[in-house]
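Before I ask anything, let me first share the structure, which is written out below as structure tokens.
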Amino acid sequence: MTLRVAVIGAGAAGLSTAWELLGHGCTVEVFESNNGIAEGASFASTGLLGASALAAWDFAGPPPVPQGRAASLLPPAWALTVPGMVFWRQRLSHQSTDRQDTLFAAAQALAQLTDQCVDTHLHSTLQDIETTAGAVVAWKSESQRQQLSGGVERIRRTPGALRELDPTQARALETAVGPDMVFAGAIALPGDRVINGRQWLARLKHDIVQLGGVVHTRSRVTGLDANGTVHVSAEDRSGTSSLAFDAVVVCAASDSAALVKPLGIELPMLVLSHCSLSAPIREATHAPSTAWIDADERIIISRTGQRLRASGGTLVPGASPKAVFKSLYRAVEDWFPGATTLHGDKALVQTWQSCVGHTADGLPLVGATHHPRIWVNSGHGGRGWTFAAGASRLLAELITGQTPSIAPSCLAPLRSMRGG
Ligand SMILES: Cc1cc2nc3c(=O)[nH]c(=O)nc-3n(C[C@H](O)[C@H](O)[C@H](O)COP(=O)(O)OP(=O)(O)OC[C@H]3O[C@@H](n4cnc5c(N)ncnc54)[C@H](O)[C@@H]3O)c2cc1C
């Protein structure tokens, strides 16, 4: 029997889920409330895929602020709300070395599966998608190097995954780094890449339609029933409708929790906001040739095609992003002076922020719920490009009853977030 599956959301998670399900013999309809695809968190994020995402942050949610020793004692600003405090306490419960090893192994397996899935899709498409190879994580302080040491050690266990660099070697690799920038060391991760996420998702959508899938835009899912009925409000002439499916996959990012809550499903996510600024490259030789991560500031500076992008910040939704944007401007000017024009009449800077659902253990929510027809692919936090495609392959395997490529239990959507 061919399974008929509804996918809610057309970002990185939803479109890669749809593509994988079609590849596993299902028929698929995607419902997206926006006018087009990739207009949520997948719109202007960096699109960095690979191990650097696993090195720069530990495996217990988003990075703590302030940095250094005080970080383990003082909660960051985003934790000073009731849900934030609960999340922060859960996050701290995952700090033991054994627990971090387990979380790292699960994250690495998922990141590697993503790599395979993205490669499969890129090789199957004739259109060139903009990508930049490699990433460098640089640190300015000893305390920052120590904070990274756990992740770096774990990545080092994979032969050839990283190369340690002193500042001279790092400058030789990335010649555009500003001469006045002072930093203490770096690691290079040659297997990482930045992908133009929107371009890739546009291609995925095209291929989904070619394979017989349907992508409904301007179609908000207003509710779900446990029996697989999806209630849709479409902004075109079709109005509201209720459609029955064999399975429903909720890929609605930060809105996922509200969608499934009426079914008694509590998704353990904290919604936080992150920012990016993008600008055309003015002088190519002054722009980064790899993704450059300032570990102290938790800022990624990257290039895709003719555009330079910097992203970072962790904010409670609704908080003013002014200070974050200031730090993004400063990071671009300090690390890559002259690469782009950020001020004056000629500046064409796009600033953007979006909400993302984070989990306290840093792994996404992927798999079955206690309702057999309702599935989840959400909670990707700041690693959606690194995780979503692999998560979608896993989901398609689980829904169609095939042997999963990776162990699903660490990713189960209803798992406990208490590390013990
Ligand atoms: C500034 C920034 C930088 C980032 N950098 C990186 C990076 O370098 N590497 C990395 O791995 N990750 C990064 N991320 C994270 C990554 O972008 C996200 O994890 C990923 O895009 C999430 O994809 P998604 O499909 O889950 O969510 P989204 O792209 O938000 O898609 C969800 C979709 O669901 C739709 N939707 C919601 N509710 C409904 C409804 N009721 N009915 C119909 N549709 C609905 C929304 O409109 C949206 O289009 C970054 C994020 C940000 C914000």
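Because the structure is a prediction, the values reported are computed rather than measured. Each ligand, and each atom within it, is numbered from 1 in the order the structure gives.
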Contact summary for F31 and A6, nearest pair of heavy atoms: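 Closest approach of F31 to A6, heavy atoms only: CE1-CB, 3.9 Å.
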For ligand 1, is there an atom lying under 4.0 Å from some heavy atom of A53?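 Not so, A53 does not reach ligand 1.
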Starting from atom 28 (P) of ligand 1, what is the nearest protein heavy atom, named by residue and atom, and what distance separates them?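 Among all protein heavy atoms, the one nearest atom 28 (P) of ligand 1 is A41 N, 3.6 Å.
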What's the shortest distance from atom 47 (O) of ligand 1 to any protein heavy atom, and which residue and atom give it?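 Result: E32 OE2, 2.6 Å.
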Have T240 and S233 got a donor and an acceptor in their side chains that come within less than 3.5 Å?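 Not at all, the side chains of T240 and S233 share no donor-acceptor pair under 3.5 Å.
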Any sub-3.5 Å donor-acceptor pair from T229's side-chain atoms to L243's backbone N or O?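 A pair under 3.5 Å: no.
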Kindly say whether the aromatic ring centers of W352 and F325 come within a distance under 6.0 Å.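 No, they do not, as the ring centres are separated by 6.0 Å or more.
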Report yes if some N/O of L48 lies less than 3.5 Å from some N/O of ligand 1; otherwise report no.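 Checking ligand 1 against L48, an N or O pair does fall under 3.5 Å apart.
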May I ask you to check if ligand 1 and S311 share an N or O to N or O distance below 3.5 Å?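 There is no such contact.
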Any idea which protein heavy atom is nearest atom 32 (C) of ligand 1, and the distance to it?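 Here the nearest protein heavy atom works out to C251 O, 3.5 Å.
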Could you tell me whether Q306 atom CD has more than 12 heavy atoms of other residues or ligands within 6.0 Å of it?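 No, not enclosed.
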Would you say S378 touches ligand 1, if touching means a heavy atom closer than 4.0 Å?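 No; S378 lies far enough from ligand 1 that no heavy-atom distance drops under 4.0 Å.
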Locate the shortest heavy-atom distance separating V194 from T46; write the atom from each residue and the value.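 The answer is CG1-O, 3.3 Å.
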Taking atom 5 (N) of ligand 1 as the reference point, the nearest protein heavy atom with its distance: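 Among all protein heavy atoms, the one nearest atom 5 (N) of ligand 1 is T46 N, 3.3 Å.
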Is ligand 1 under 4.0 Å from a heavy atom in the side chain of S219, in the backbone, in both, or in neither?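 Within the 4.0 Å criterion, S219 contacts ligand 1 through backbone atoms alone.
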Nearest 0.5 angstrom please: H94 NE2 to L363 CG, how far?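 The NE2 atom of H94 sits 9.0 Å away from the CG atom of L363.
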Minimum-distance protein heavy atom relative to atom 27 (O) of ligand 1: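 Nearest protein contact, heavy atoms only, for atom 27 (O) of ligand 1 is A253 CB, 3.2 Å.
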Can you pull out the closest protein heavy atom to atom 23 (O) of ligand 1? Residue, atom name and distance to 0.1 Å, please.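 Nearest neighbour among protein heavy atoms for atom 23 (O) of ligand 1, to 0.1 Å: S42 OG, 3.4 Å.
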For a 4.5 angstrom cut-off between non-hydrogen side-chain atoms, does H343 reach E333?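 SC-SC contact between H343 and E333 confirmed.
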Any N or O on W385 sitting closer than 3.5 Å to an N or O of ligand 1?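 Yes, there is a polar N/O contact under 3.5 Å.
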Contacting atoms of ligand 1, where contact means under 4.0 angstrom from a heavy atom of D255: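 Listed by number with element: 37 (C), 38 (N).
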Measuring from atom 18 (C) of ligand 1, which candidate in G11, A12, G381 has the nearest non-hydrogen atom?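 Among G11, A12, G381, the closest heavy atom to atom 18 (C) of ligand 1 comes from G381.
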So, is I8 polar-close to ligand 1, with some N/O to N/O distance under 3.5 Å?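 The answer is no, given that I8 and ligand 1 share no N or O pair closer than 3.5 Å.
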With a 4.0 Å cut-off on heavy atoms, does F387 reach ligand 1?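 For ligand 1, residue contact (heavy atoms, under 4.0 Å) with F387 is absent.
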How many angstroms lie between CZ in R91 and CG in L270, if you round to the nearest 0.5 Å?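 If we round to the nearest 0.5 Å, R91:CZ and L270:CG are 11.0 Å apart.
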Using atom types as modelled and distance alone, determine if a side-chain donor or acceptor of D225 lies under 3.5 Å from a backbone N or O of G228.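 No: the side chain of D225 does not pair with the backbone of G228.
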Provide, to 0.1 Å, the distance between atom 43 (C) of ligand 1 and the closest protein heavy atom, together with that atom's residue and name.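 Heavy-atom neighbour on the protein nearest atom 43 (C) of ligand 1: S33 N, 3.3 Å.
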So which of T17, I195, I293, V221 gets nearest to atom 42 (N) of ligand 1, if we judge by its closest heavy atom?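 It is V221 that holds the nearest heavy atom.
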Given G9, A13, S16, identify the one with the heavy atom nearest to atom 24 (P) of ligand 1.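 Among G9, A13, S16, the closest heavy atom to atom 24 (P) of ligand 1 comes from A13.
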Answer yes or no: is there a side-chain heavy-atom contact under 4.5 Å between D207 and K205?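 No, side chains not in contact.
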How about R89: does its CZ atom have over 12 heavy atoms from other parts shown lying under 6.0 Å from it?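 No - once you tally the heavy atoms of other residues, nucleotides and ligands closer than 6.0 Å, there are 12 at most.
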Where ligand 1 meets G47 - atom numbers and elements under 4.0 angstrom, heavy-atom basis: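 So the answer, numbered in order with elements, is 7 (C), 8 (O).
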Using the rule side-chain contact (heavy atoms from CB on, under 4.5 Å), only one of T359, V86, L365 pairs with P268; which is it?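 The single option meeting the side-chain contact (heavy atoms from CB on, under 4.5 Å) with P268 is L365.
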Please confirm whether the ring centroid of F87 lies under 6.0 Å from the ring centroid of H358.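 Ring-ring flag for F87/H358: false, centres at least 6.0 Å apart.
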Check T340, V324, V349 against L277 for a side-chain contact (heavy atoms from CB on, under 4.5 Å) and give me the one that passes.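 When side-chain contact (heavy atoms from CB on, under 4.5 Å) is applied between L277 and each of T340, V324, V349, only V349 qualifies.
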Is the number of heavy atoms from other residues, nucleotides or ligands under 6.0 Å of R163 CZ greater than 12?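 No, not enclosed.
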Can you sort out which atoms of ligand 1 are near R383, meaning under 4.0 Å from one of its heavy atoms?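 In order of numbering, the contacting atoms are 10 (C), 11 (O), 12 (N).
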Closer than 4.0 Å to some heavy atom of H380 - which atoms of ligand 1 meet that?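 Checking each atom against H380, I get 19 (O).
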Atoms of ligand 1 close to W352 [distance to a heavy atom under 4.0 angstrom, numbered from 1]: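 Every atom of ligand 1 under 4.0 Å from some heavy atom of W352: 1 (C), 53 (C).
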For ligand 1, which atoms have a heavy atom of N34 less than 4.0 angstrom away?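 Under 4.0 Å from N34, ligand 1 has these atoms: 47 (O), 49 (O).
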Go through ligand 1 atom by atom and flag the ones less than 4.0 Å from a non-hydrogen atom of C275.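 That gives atoms 1 (C) of ligand 1.
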Is there a heavy atom of G382 sitting under 4.0 angstrom from any atom of ligand 1?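 The answer is yes, since G382 has a heavy atom less than 4.0 Å from ligand 1.
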Nearest protein heavy-atom contact for atom 3 (C) of ligand 1: which residue, which atom, what distance?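 That would be S45 CB, 3.4 Å.
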